[in-house]
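To start, the structure under review is shown below, and the notes come after it.
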Number of protein chains: 2
Amino acid sequence: MSATSVGVAVDVVPLGLRDWSLHAALVPVGTTSRFAFPGGRVPPEESLDGAARRWLAHHLPRKDAFVEQLYAFGEPGRDPSSRVVSVAYLALVPRTEDAHGVQWFPCDAMPPLAYDHGAVAEKALERLRAKLSYTNVAFGLLEDPFTLADLQRTYESILGRELDRRNFRKKVLGLGLVVPIGKRRHGPHPPADLFRFAERRLVAMEIG
Amino acid sequence: MSATSVGVAVDVVPLGLRDWSLHAALVPVGTTSRFAFPGGRVPPEESLDGAARRWLAHHLPRKDAFVEQLYAFGEPGRDPSSRVVSVAYLALVPRTEDAHGVQWFPCDAMPPLAYDHGAVAEKALERLRAKLSYTNVAFGLLEDPFTLADLQRTYESILGRELDRRNFRKKVLGLGLVVPIGKRRHGPHPPADLFRFAERRLVAMEIG
DNA sequence: ACAAAAGTGTTCAAAGTACACCCATGA
DNA sequence: TCATGGGTGTACTTTGAACACTTTTGT
């Protein structure tokens, strides 16, 4: 990149649940002990969304991830020859599975991050928390089928507060966020009704 | 720009009220009869926000505009040598005043737009409508002091529906969105209390 | 039998919505 | 005096929040 131009990159923040705690996928940066989100330059023939999906797929080969643009970052650095604007993306992956050297870290205990990826992570969490409250975006974190307790734990974990079980059930059923599949899960004690999301596309709905 | 790189630009969508109807500022594009939002390349030494404010100030020299990043646009064009990613910004200007060749058009009757500025305009309106409902962002559209009728007309115009005068008053006073300045405006008939915004920085608050 | 989790309704408080009258002013 | 628009309060409805017991199952 010459000193008179600005490059474009994408960075993807892959988030997922592990043991009902939100984790982020990171890759080690060079020889340092720092980590960064997957991403890289956008070639001229590729769309931003395409580049984000490509980088996500490279590290976490899932076809069904929810991907959404977050924000364009990139203050001018000290060295003008390396000026890059990075378009950050949020990606939700239903199960936290590894591939190609990514490591999952709890979002409340992330390792030192390279570049401005601290701010990127902030933005991603903020966006996820907000969307959880007024959309059905939780479908990106949970595979069908699931119990209402699973869904509630998902919400509680990300919102950081406990929810009333009965009010939660009334809310998500009343809104039509989830629908019963007519089966039950048998586990350690009493069987629980199984559900799936009514829609697996982003839909706005006022949830608590 | 060479065929192997992607350039970065900003585009600013300046919105303001004229006769209680939302208008957008546009500049003519070259020799065509199309219009575009103000904007241009981002030099390596300038931040995105800085470039957005610079372009805004160039056309509409206000110091107090509300400016916020919207979205990064830029599908690969037909010609790879001209690939540019444009970071769009929303700008709110309290009074729709002209400068340097911009023209104001009603948002519901815009002229043909160049590039992907139709999508950019969509995004800006969507964002403004959303923020109007859960922040005090209206301060960007209205100068102090104003009457509650002024504020209500602002909301009604942008949300596209009528609001009840008494409920509106209860809401905005109860939330502390505005505070009375203790003066009244004398006009065609009975005098109206004047108000100012309690805060002129973005604050979240659940408004209807 | 007991521990652990799932299912289920009601009550109360708060917020939102609908609605009508009087008054001050300028013409 | 009249037309216009601004100011004010109440009743009703809807929504949200709090809360306890019974049932099922595996150990």
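Per chain, numbering begins at 1; letters A, B, ... match sequence-line order. Below, each value reflects all heavy atoms present in this structure, side chains not excepted, and no hydrogens, waters or symmetry copies.
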Among [options], which is the nearest nucleotide to the side chain of [X]?
X: A/P191; options: C/dT17, C/dT25, D/dT24; result: D/dT24
X: B/R169; options: C/dC19, D/dA17, D/dG7; result: D/dG7
X: A/P190; options: D/dG26, D/dT24, D/dT4; result: D/dT24
X: A/D164; options: D/dC19, D/dG9, D/dT4; result: D/dC19
X: A/K170; options: C/dA18, C/dA3, C/dT10; result: C/dT10
X: A/N167; options: D/dG9, D/dG7, D/dA18; result: D/dA18

- Task: May I ask you to evaluate whether B/R165 reaches the phosphate of D/dG7, defined as a side-chain N or O under 4.0 Å from OP1 or OP2?
- Result: no
- Query: Would you say a side-chain N or O of A/R166 is under 4.0 Å from OP1 or OP2 of C/dG9?
  - Reply: no
Let me know the distance between [atom1] of [X] and [atom2] of [N], rounded to the nearest Å.
X: B/R184; N: C/dG26; atom1: CZ; atom2: P; result: 11 Å
X: B/M205; N: C/dA15; atom1: CE; atom2: P; result: 15 Å
X: A/E206; N: D/dG16; atom1: CD; atom2: P; result: 8 Å
X: A/L163; N: D/dC19; atom1: CG; atom2: C1'; result: 15 Å
X: A/L194; N: C/dA6; atom1: CG; atom2: P; result: 11 Å
X: A/R185; N: D/dG26; atom1: CZ; atom2: P; result: 15 Å
X: B/H189; N: D/dT4; atom1: NE2; atom2: C1'; result: 5 Å
X: A/K171; N: C/dG9; atom1: NZ; atom2: P; result: 19 Å

- Message: Can you confirm whether the side chains of B/Y115 and B/D11 place a donor and an acceptor under 3.5 Å from each other?
- Response: no
- So what does B/D193 touch, heavy atoms closer than 4.0 Å: a base, only the sugar-phosphate, or nothing? sugar-phosphate
- Any chance CD of A/E143 has more than 12 other-residue heavy atoms, nucleotides or ligands included, within less than 6.0 Å? yes
- Any chance OH of B/Y71 has more than 12 other-residue heavy atoms, nucleotides or ligands included, within less than 6.0 Å? yes
- Item | ring pair (Phe, Tyr, Trp, His ring centres under 6.0 Å) between B/Y89 and B/F37, worked out | CA-CA 10 Å; B/Y89 278 78; B/F37 293 112; over 10 Å; no
- Check: B/L163 and B/K171 side chains under 4.5 Å, non-hydrogen atoms: no
- Assign each of A/P188 and B/H186 the nucleotide of DNA chain C bearing its closest heavy atom; nearer the 5' end lies the nucleotide of A/P188
